[in-house]
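Since the structure comes first, as structure tokens, the remarks are kept for the end.
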Amino acid sequence: MALYFIKRLLLSVLVVVIVIVALFLLTYAIPGDPARVALGPRANAELVAEFRQRMGLDQPLLVQLYNFFTSLLRGDLGRDAVSGEPVLNTVLSQLPDTLYLVLGSVIVALIPGVLLGILSARYRGGIIDRISSVLSVSVMSVPAFVIAIYLLLVFSIQLGWFPAIGAGTGFWDRLHRLVLPSLALGLAWIGYIARILRASILEEMNEGHVRTARAFGLSENKIMFDYVLRIAILPMITVLGIGIGQMLSSAVFAEVVFGRPGIGKLVFDAIISRNYPIVTGAVLVTTIFFVIVNLAADLLVAWLNPKVRHDLSR
Amino acid sequence: MSVQNALEVRDLNISYKVPGGKLRALRDINLNVPRGEIVGLVGESGCGKTTLMQTILGLQSSAAVTESGQIMLGDTDLLTLRPKQMRNLLGDRISAVFQDPMKSLNPVLTIGRQMTDIQFRHNISQREKRDRAVEMLQKVRIPDPESRLDQYAFEFSGGMRQRIAIAMALMAEPDVLVADEPTTALDATLELTTIDLLRDLQQDIGCAIIFITHHLGVVAELCQSVNIMYAGEMVESGPTRAVFDAPQHPYTELLFNCDPAQIPERTRHLPTIGGELPSLINLPPGCVFEGRCPKAFGPCAEIHPRRVQSGGSDMVKCHLRDPEVPQ
């Protein structure tokens, strides 16, 4: 079983390495001379040559890749092409806002999703089940930025309940301003989580151990929460791990639409100003975060299985 | 209701709603389970044993419709109880052991947790519930029960799991235990020890057992009386010895002939009963076994046989045994 953990960990590292190589090759493949881009059209040839040498751009591809890796290992993601600040500092300063947004979206998706899933399984074919089935399909098929724009139109502009733009200052203000963007990212996942959970609850309800529990007169609530949900929740955890990755990429839209600081906004602005070191750094940090979340989800699923715990403690 | 019966099924009719109409799964089922006795229920797959068991336990599927009949537990008709009242009896006055010991215990809760959970009716401390669980595990000969309570189902062998299931079922000393093929999934040696254990505990507690099985040898070994089911009907009932010595229904006779233990010489081919079960949606007007019966004659295809007493059997449903049918 320890082997599983090691394998899973190596796989995560491999994903990160592949992403790094891909990012490096992408930057390399961008048309134009990076030194010219960095120094601007009016720089003279001598300056460009000096810059190329200083940045190692005159080295062969593999050497450049090696240098890229070694500087990454030192935590050096390069310098912001505009401000000259270290990329890592810029990206890390924007990370918390995006993490709050993702956390808010997970809460928006998880609490109603789990409730709906339990209720639709418990009253299968009933009104809640049918509504959640229709809603989940319709909400899932609408892109997050469309939801974001409509939320903004209705709740900020028409009703004026929530501020339209910015992340705010102070806990309550920030929380207040987190509501709409979190809804925009999380809504689509409510139905999905509800359907996944419903399916796995219904599957588990057919198992022999549930029949045994019923034959001892245990109440349906007890069976649901103590006997079934412990097992039925596992596929949902895996899905949520992947969902967080999806939310990270939707965060670009939500942050732009709601004018919030964050990784998404950073990447968006960096693309517009062709600030490639920032794009690379932000994508890398996001990838690492996503890989960690998925690793955590997989390990959690394994850990919740007593057979796995038992094998590990040996 | 005769007082000596712990459980009595009277004229039970159950059907399932299916797209083509009504599937009449159980028809006019009668079953007497005397106090403190072990009653065998035998029949091939699809004969309605499972439906009968589920109905007795109130765990029938939502597609099942009770057309008529009574299931008397003491003075209570289980079929008139609301789900909550039924739940109150389950695991207390009536309990069950199921076929597959690999699946009948929860995989993510410890055995101890499951054994204390089912004592929810008793107003005693967790400590006392645990002690009772230990005591019960000792009774089913699980070694070192105190520490094994903290283990999960997968840490036990199949035979042990089934003994744990038996311990759980008998913990509340029920009036009736429904045992649905409890030994079918076990190998032959385990089957014997499990049956011995079940009998010992049954004598200790004095409960009645409905023992559902395919295995005729087990019935002969364990049960005082036997009931033979075919295609949703009870075709023969009587004391085990009498029915085994002189089966009255042709189906019972064929069933005994198919039992490998009854075949003296080596053979490559085990005997089977030819033909198929009749459709339970469009029932034939006559006897349900007519299509497969080697002894079928005049009235069998037209007239449904009535219940008669014949030979050593208390009840048999066959025109051959009916004195009023001209042979």
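Letters go in sequence order (proteins before strands), and every chain restarts at 1. What's counted below: heavy atoms across the whole structure, side chains too, no hydrogens, waters or symmetry copies.
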Max heavy-atom pair count under 4.5 Å with chain A, selected residue of [options]:
{"options": "B:M171, B:R113, B:K84", "value": "B:R113"}
{"options": "B:R121, B:R87, B:M86", "value": "B:R87"}
{"options": "B:L59, B:L57, B:T110, B:L109", "value": "B:L109"}
{"options": "B:P107, B:G58, B:A165", "value": "B:P107"}
{"options": "B:Q99, B:M102, B:Q151, B:M168", "value": "B:M168"}

Take a 6.0 Å sphere around [atom1] of [X] and say whether it holds more than 12 heavy atoms from other residues, nucleotides or ligands.
{"X": "A:F289", "atom1": "CZ", "answer": "yes"}
{"X": "A:F253", "atom1": "CZ", "answer": "no"}
{"X": "A:Y192", "atom1": "OH", "answer": "no"}
{"X": "B:D187", "atom1": "CG", "answer": "yes"}
{"X": "A:L10", "atom1": "CG", "answer": "yes"}

Got [X] and [Y] here, is their nearest side-chain heavy-atom distance under 4.5 Å?
{"X": "A:P306", "Y": "B:F154", "result": "yes"}
{"X": "B:L90", "Y": "A:F216", "result": "no"}
{"X": "A:K222", "Y": "B:F120", "result": "no"}

Rounded distance (nearest 0.5 Å) linking atom [atom1] of [X] with atom [atom2] of [Y]:
{"X": "A:H209", "Y": "B:L105", "atom1": "NE2", "atom2": "CG", "value": "10.0 Å"}
{"X": "A:R124", "Y": "B:S62", "atom1": "CZ", "atom2": "OG", "value": "8.0 Å"}
{"X": "B:Q54", "Y": "A:R211", "atom1": "CD", "atom2": "CZ", "value": "7.5 Å"}

Subject >> Among A:S219, A:G217, A:A213, residue most engaged with chain B (heavy-atom pairs, under 4.5 Å) >> reply: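 Counting heavy-atom pairs under 4.5 Å, the top option is A:G217.
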Original post:
So which of A:N305, A:L304, A:D226 has the biggest tally of heavy-atom pairs under 4.5 Å with chain B?
Top reply: A:D226
Original post:
What part of B:D117 lies closer than 4.5 angstrom to a heavy atom of chain A: side chain, backbone, both or neither?
Top reply: both
Original post:
Taking all atoms of both residues into account, what is the closest heavy-atom pair of A:Y227 and B:N106, and its distance?
Top reply: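 Scanning both residues completely, I find the closest heavy atoms to be O-ND2, 3.1 Å.
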